Amino acid sequence: MAYWLFKSEPSVWGWDDQVAKGDAGEEWDGVRNYQARNFMRDMAVGDRGFFYHSQSEKAVVGIVEVIAEAHPDSTTDDERWECVDIKAVKALPTPVTLDQIKSCEDLADMVLVKNSRLSVQPVSDVEWQIVCEMGGL
DNA sequence: GCCAACGTTGGC
DNA sequence: GCCAACGTTGGC
């Protein structure tokens, strides 16, 4: 199983919105970046991901699960763009902030730190474990 | 609100 | 195919 990180502006689509969708989940649409799209193509049903709030909050707030593989993005007719469906699994007891991640030596190589603009990114097994622990899981 | 970093577009 | 111009993102 692979791990990922999904970034969103909470004012547009936040963790609460994701939770409200329940097990039905929602497609992660609106991605218009090739790198991010390619990562979504690599995802498999059952993969887990962090849900990250950018902008004012800048913290990992929850865990999601991929429930559908990449398919055409329903928000555009441009067939270049695809997206997966994800559902909320559980909130982190304590959100893990970007500051915390940056101040942890073992997380210095996280894509979140190195390429902050990428909205969908891979997370290594080790990074996953560390952030989960920091979040109280 | 500013600005740096990055990706994309389009002219040549 | 290169590169300048532009738009967008996201941290500060």
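Naming convention: chains lettered A, B, ... in sequence-line order (proteins, then strands); numbering from 1 in each chain. Just so you know, these numbers come straight off a predicted model, no measurement behind them. Just so it is clear, the values below take in all heavy atoms, side chains as well, and ignore hydrogens, waters and symmetry mates.
- A donor-acceptor contact shorter than 3.5 Å is absent between the side chain of A:Lys58 and the backbone of A:Asp99.
- Counting side-chain heavy-atom gaps under 4.5 Å among Ile, Leu, Val, Met, Phe, Trp and Tyr, the cluster of A:Tyr34 also holds A:Trp81.
- At distances below 3.5 Å, not a single donor-acceptor pair connects side-chain atoms of A:Asn38 with backbone N or O atoms of A:Gln35.
- When the side-chain contact (heavy atoms from CB on, under 4.5 Å) test is applied to A:Glu65, the partners found at least two apart in sequence or on another chain are A:Arg48, A:Lys87, A:Val89.
- Protein chain A contacts DNA chain B over a range whose 5' and 3' limits, counting nucleotides with an atom under 4.0 angstrom from a non-hydrogen atom, are B:dA5 to B:dT8.
- Using a 4.0 Å cutoff on non-hydrogen atoms, no part of residues 26-40 of chain A comes near DNA chain C.
- Residues A:Ile86 and A:Gln18 come closest through the heavy atom pair O-NE2, 2.9 Å.
- For A:Ser116, the side-chain contact (heavy atoms from CB on, under 4.5 Å) test picks out no residue, with sequence neighbours left out.
- Contact annotation for A:Leu98: backbone-only contact, meaning every heavy-atom pair under 4.0 Å involves sugar-phosphate atoms and none involves a base.
- Here A:Asp73 pairs with A:Arg32 under the salt bridge (Lys or Arg N to Asp or Glu O under 4.0 Å) rule; sequence neighbours left out.
- Annotation for A:Asp77: atom CG does not count as buried by contact number, only 12 or fewer foreign heavy atoms lying within 6.0 Å.
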